Amino acid sequence: MQDNLKHKYWIKKFKNDPQNLNIKFKSPFMGSIPFEIDEDIFDRVELEEFVKIEQNRIPLFLGSQFGIAPRINEIPDFFNGEKIIAILAKSMLSGHVSGLTIYKIYENEKQFHPHKIEFYSN
């Protein structure tokens with residue numbers, strides 16, 4: 001994958017935030033992922049591992065003008081308790097990455113409601 005630094009400012013901001021020490025992302029994207037990311041903070045996982053609540057790994061989704069992939073509300077067993085998720089906003093037309101937003105899902109929620117915690121702009 002071609003390294004395009006202009007799409008990676010959010011990664012540096014995320015890594016430099018002290019609350020994110022030892023935090024990695026996990027995603028079920030198969031094959032090559034449709035965005036650039038530092039491999040040291042990203043794990044490709046199977047769906048059963050993706051839905052697990054973990055302290056040091058958070059689910060990563062790709063958000064675009066066409067929606068969020070994978071579709072959060074359609075993932076079996078995803079709403080299994082309180083967890084943090086991340087959505088990377090990228091235009092599928094221009095390729096522009098606007099940044100990464102961190103959200104919280106509360107204990108009894110059964111569908112995604114955007115409870116924004118943090119935004120790392122690009």
Side-chain angles (χ1 to χ4, degrees):
M1 180 179 302
Q2 182 180 348
D3 193 26
N4 192 341
L5 295 177
K6 70 180 182 176
H7 297 283
K8 296 176 119 179
Y9 298 126
W10 68 270
I11 294 174
K12 184 175 181 180
K13 292 174 184 176
F14 179 84
K15 285 180 168 182
N16 287 336
D17 188 334
Q19 69 185 354
N20 297 327
L21 295 176
N22 302 316
I23 298 293
K24 293 181 80 171
F25 300 108
K26 58 183 178 177
S27 180
F29 287 109
M30 300 302 165
S32 65
I33 53 175
F35 50 88
E36 292 105 9
I37 190 166
D38 290 7
E39 293 293 325
D40 65 325
I41 62 168
F42 180 78
D43 291 329
R44 287 182 183 90
V45 298
E46 296 296 326
L47 196 55
E48 65 184 36
E49 194 173 349
F50 182 67
V51 302
K52 287 182 181 176
I53 298 170
E54 299 180 82
Q55 292 295 321
N56 293 328
R57 290 198 307 179
I58 58 176
L60 176 66
F61 294 86
L62 180 62
S64 73
Q65 66 272 30
F66 301 113
I68 298 172
R71 293 185 175 117
I72 299 172
N73 293 330
E74 296 176 10
I75 299 172
D77 303 318
F78 189 75
F79 296 93
N80 56 359
E82 188 172 295
K83 65 173 70 172
I84 303 298
I85 69 165
I87 299 177
L88 182 66
K90 178 179 179 173
S91 168
M92 302 317 270
L93 298 174
S94 70
H96 174 75
V97 174
S98 62
L100 179 85
T101 306
I102 306 295
Y103 295 97
K104 184 172 191 172
I105 293 177
Y106 290 98
E107 178 74 31
N108 295 317
E109 290 185 307
K110 297 300 178 201
Q111 61 181 337
F112 178 64
H113 299 284
H115 307 291
K116 182 178 168 182
I117 295 173
E118 189 66 59
F119 178 69
Y120 300 96
S121 65
N122 205 29

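Since this is a predicted model, take the numbers as computed values, not measurements.
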A.B. asks: Kindly indicate, with the supporting measurements, whether the criterion side-chain contact (heavy atoms from CB on, under 4.5 Å) is fulfilled by F42 and I11.
C.D. replies: CA-CA 11 Å; F42 180 78; I11 294 174; over 6 Å; no
A.B. asks: Flag yes if F119 and Y103 sit in one hydrophobic cluster, no otherwise; membership is Ile, Leu, Val, Met, Phe, Trp, Tyr, and two members link when side-chain heavy atoms are under 4.5 Å apart.
C.D. replies: no
A.B. asks: Are the charged groups of D77 and K52 less than 4.0 angstrom apart, N to O?
C.D. replies: no
A.B. asks: Of all heavy-atom pairs between L21 and P18, which one has the smallest distance, and what is that distance?
C.D. replies: CG-O, 3.3 Å
A.B. asks: What are the two closest heavy atoms between V51 and P76, and how far apart are they?
C.D. replies: CG1-O, 3.7 Å
A.B. asks: How far does CD1 of I102 sit from CD of Q19, to the nearest 0.5 angstrom?
C.D. replies: 8.5 Å
A.B. asks: Taking the side chain as C-beta and beyond, is there a heavy-atom pair between K24 and N56 under 4.5 Å?
C.D. replies: no
A.B. asks: Between atom OG of S27 and atom CG of L88, what is the distance when rounded to the nearest 0.5 Å?
C.D. replies: 10.5 Å
A.B. asks: Determine, for E82 against K104, whether the closest basic-nitrogen to carboxylate-oxygen distance falls under 4.0 angstrom.
C.D. replies: yes
A.B. asks: Assess whether side-chain contact (heavy atoms from CB on, under 4.5 Å) is satisfied between S121 and Y9, documenting all intermediate values.
C.D. replies: CA-CA 7 Å; S121 65; Y9 298 126; over 6 Å; no
A.B. asks: Would a 4.5 Å heavy-atom cut-off, applied to side chains only, mark Y120 and N20 as touching?
C.D. replies: yes
A.B. asks: Taking the side chain as C-beta and beyond, is there a heavy-atom pair between I72 and I87 under 4.5 Å?
C.D. replies: yes
A.B. asks: Should K26 and E54 count as an ion pair when the cut-off is N to O under 4.0 Å?
C.D. replies: yes
A.B. asks: To the closest 0.5 Å, what do you measure between CD1 (I84) and CD1 (I53)?
C.D. replies: 10.0 Å
A.B. asks: Under the side-chain contact (heavy atoms from CB on, under 4.5 Å) rule, what do I41 and K15 come out as? Steps first, then yes or no, please.
C.D. replies: CA-CA 9 Å; I41 62 168; K15 285 180 168 182; 3.6 Å; yes
A.B. asks: Taking the six-membered ring for Trp, is the centroid-to-centroid distance between F78 and F61 below 6.0 Å?
C.D. replies: yes
A.B. asks: Would you say T101 and E118 make side-chain contact, with heavy atoms under 4.5 Å?
C.D. replies: no
A.B. asks: Do N122 and S98 come within less than 4.5 Å of each other through their side chains, counting heavy atoms only?
C.D. replies: no
A.B. asks: Side-chain atoms of residues 105-113: list all donor-acceptor pairs with protein atoms under 3.5 Å, sequence neighbours left out, distances to 0.1 Å.
C.D. replies:
{"residue": "E109", "atom": "OE1", "partner": "Y106", "partner atom": "N", "Å": "2.8"}
{"residue": "E109", "atom": "OE2", "partner": "H115", "partner atom": "NE2", "Å": "2.6"}

A.B. asks: Answer with yes or no after comparing the ring centroid distance for F25 and F50 against a 6.0 Å cut-off, counting only values under it.
C.D. replies: no
